[in-house]
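FYI, side chains are in, hydrogens and waters are out, and symmetry mates aren't considered; it's all heavy atoms of this structure.
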Amino acid sequence: MAGSRAHIDKWIRSRANAGAILPPRWRSWPSRVSLMALLGLGVLSWKLAGTSGPTWFDASVQSRLAHRFAHDQNLFRIIACLGAPVSVLVASVSLALLCGAIRAGRAALLCFFGPHLAGALAEWLLKPLVGRRFDGDLAFPSGHTTGAVSVAVLLAVLFLPTSALGFRIVWPARAAFLLIAITYGAGVGIALVILQAHYATDILGGIAVAVAVILTLARLLDFRAPRAKARSSGLRSWAGYGSPGGSLGRRPALLGRHRSRPGPVQQGTAEPGEHSPAVYP
């Protein structure tokens, strides 16, 4: 009985959130995280505007990583390619098709447009605006890191409990996907620093852009999402529990259906031992 009720509760929470990207209890923090990412991006852009050399932080991180992984250059070249525009396009389209297959329209829009919007913002707006250079090329924020972290944030959002994909799998699988997302996003950024293609602050800028764009877009797409609390209440009533007189797993009978035939109307009185005639309307 307890197992059946837990299963129905999980189904009700998932259906109450149907169509939305973020579960109801997770919808308050994206705005705060996005604001923190934007503040960090603003501070870095102000500090690095027009510069062409490493900061003390960049020099410290790059010297340690380059010295430690000097013999693994080929491996990190492969990892860095995972943040290339083609790789990000394949990942985002695959996730969008998966969300479309389960009729999660808002999540599909987020997967298709989110990483490309973040990449365009980094490459076409922020790089020329900040003007930070590495070996003569515009470097801040890192475009490869922006694309990889955008896909990583998408995976983390989609596999939250009761979200578009998360309620369909058990928590160990969700934890595995979260680990994959973190490894993917962080691995591309670290590989770019080891290969001396970007400074560490460029990587931080790409992370900030990706987080801000994906979470802000997810929140905007959920702005017109159905109210989960009202839907949950209605689904509980439909399931037949959560209200007085309800019972688990029993659907209440619809009004006007299964009307019982009225009983006979007795006329007159009967003496003991006698039967009164029954008259049916």
Side-chain angles (χ1 to χ4, degrees), residues 21-22 26 29-30 32-41 44 57-58 61-62 64-65 68-69 72 75-96 98-99 107 110-123 126-127 134 139-160 163-166 173-219:
I21 299 171
L22 295 165
W26 295 87
W29 61 265
R32 303 170 189 171
V33 176
S34 299
L35 180 59
M36 293 175 60
L38 288 174
L39 288 175
L41 180 63
L44 287 173
F57 176 75
D58 296 328
V61 172
Q62 191 165 5
R64 294 182 181 182
L65 291 178
R68 183 170 183 179
F69 299 102
D72 300 319
L75 172 62
F76 287 104
R77 286 192 183 94
I78 296 173
I79 295 175
C81 289
L82 296 177
V86 175
S87 301
V88 174
L89 176 64
V90 171
S92 62
V93 170
S94 300
L95 289 173
L98 178 60
C99 292
L110 177 66
C111 293
F112 187 79
F113 290 105
H116 307 302
L117 179 61
L121 181 64
E123 292 288 342
L126 291 176
K127 281 188 175 182
F134 185 98
F140 181 90
S142 167
H144 280 58
T145 304
T146 301
V149 175
S150 296
V151 175
V153 176
L154 280 177
L155 286 172
V157 168
L158 293 177
F159 287 98
L160 288 172
S163 64
L165 300 176
R174 290 199 303 269
F177 277 109
L178 181 60
L179 181 60
I180 292 172
I182 294 173
T183 304
Y184 174 51
V188 171
I190 292 172
L192 292 171
V193 175
I194 293 173
L195 296 173
Q196 299 183 12
H198 275 284
Y199 296 122
T201 46
D202 299 335
I203 306 304
L204 294 179
I207 293 173
V209 173
V211 170
V213 170
I214 297 299
L215 293 184
T216 301
L217 186 58
R219 195 66 185 93

Does some side-chain heavy atom of P115 sit less than 4.5 Å from a side-chain heavy atom of I214?
yes
Any salt bridge (charged side-chain N to carboxylate O under 4.0 Å, His left out) pairs touching residues 139-150, not counting sequence neighbours?
none
Kindly write out the residues that satisfy side chain to side chain donor-acceptor pair (under 3.5 Å) with T216, not counting sequence neighbours, or none if the list is empty.
S34
Please report the shortest heavy-atom distance between C99 and A107, naming the atom on each side.
SG-CB, 3.7 Å
Who are the ring pair (Phe, Tyr, Trp, His ring centres under 6.0 Å) partners of Y199, not counting sequence neighbours?
F134
Taking side-chain hydrogen bond (donor to acceptor under 3.5 Å, both in side chains) as the cut-off, I'd like each qualifying pair that reaches into residues 76-95, sequence neighbours left out, listed once.
N74-R77, S92-H116
Residues that F113 engages under ring pair (Phe, Tyr, Trp, His ring centres under 6.0 Å), provided they are two or more places apart:
none
So which atom in G206 and which in P141 form the shortest heavy-atom distance, rounded to 0.1 Å?
N-CB, 3.4 Å
Show the nearest heavy-atom pair for residues A148 and V88, with the distance to one decimal.
N-CG2, 4.1 Å
Inter-residue atom distance H144.NE2 - I79.CD1, 0.5 Å rounding
13.0 Å
Pairwise distance CD(Q62) to OG1(T201) - rounded to 0.5 angstrom
10.0 Å
My understanding is that only residues two or more places apart in sequence, or in another chain, count here; which of them pass side-chain contact (heavy atoms from CB on, under 4.5 Å) with F112?
V93, A96
Approximate separation, where rounding is to 0.5 Å, of T146 OG1 and L126 CG
8.5 Å
Which salt bridge (charged side-chain N to carboxylate O under 4.0 Å, His left out) pairs, counting each pair once, include a residue from residues 193-205, with sequence neighbours left out?
R132-D202
Closest heavy-atom contact between A118 and V209?
O-CG1, 3.8 Å
Between atom CD1 of I194 and atom CZ of F69, what is the distance when rounded to the nearest 0.5 Å?
5.0 Å
Atom of L195, atom of A80 and distance for their closest heavy-atom approach:
CD1-CB, 4.0 Å
Excluding sequence neighbours, so at least two apart, what forms side chain to side chain donor-acceptor pair (under 3.5 Å) with T145?
S142
Are the side chains of L204 and F57 in contact, using a 4.5 Å heavy-atom criterion?
yes
Quick one: side-chain contact (heavy atoms from CB on, under 4.5 Å) partners of A197, sequence neighbours excluded?
L192
Check the pair L121 / L117 against side chain to side chain contact (heavy atoms under 4.5 Å, CB included), numbers first and verdict last.
CA-CA 6 Å; L121 181 64; L117 179 61; 5.7 Å; no
Apply side chain to side chain contact (heavy atoms under 4.5 Å, CB included) to the pair L41 and F140, showing each step before the final yes or no.
CA-CA 10 Å; L41 180 63; F140 181 90; 4.0 Å; yes
Which pairs of donor and acceptor atoms, one on a side chain in residues 178-190, lie under 3.5 Å apart (sequence neighbours left out)?
| unit_1 | atom_1 | unit_2 | atom_2 | d |
| --- | --- | --- | --- | --- |
| T183 | OG1 | L179 | O | 2.8 |
| Y184 | OH | L82 | O | 2.7 |

Side-chain donor-acceptor distances from residues 151-158 under 3.5 Å, at least two apart:
none

Measure the CG-CG distance between L39 and L44 for me, rounded to the nearest 0.5 Å.
11.0 Å
With E123 via side chain to side chain donor-acceptor pair (under 3.5 Å) - residues at least two apart
K127
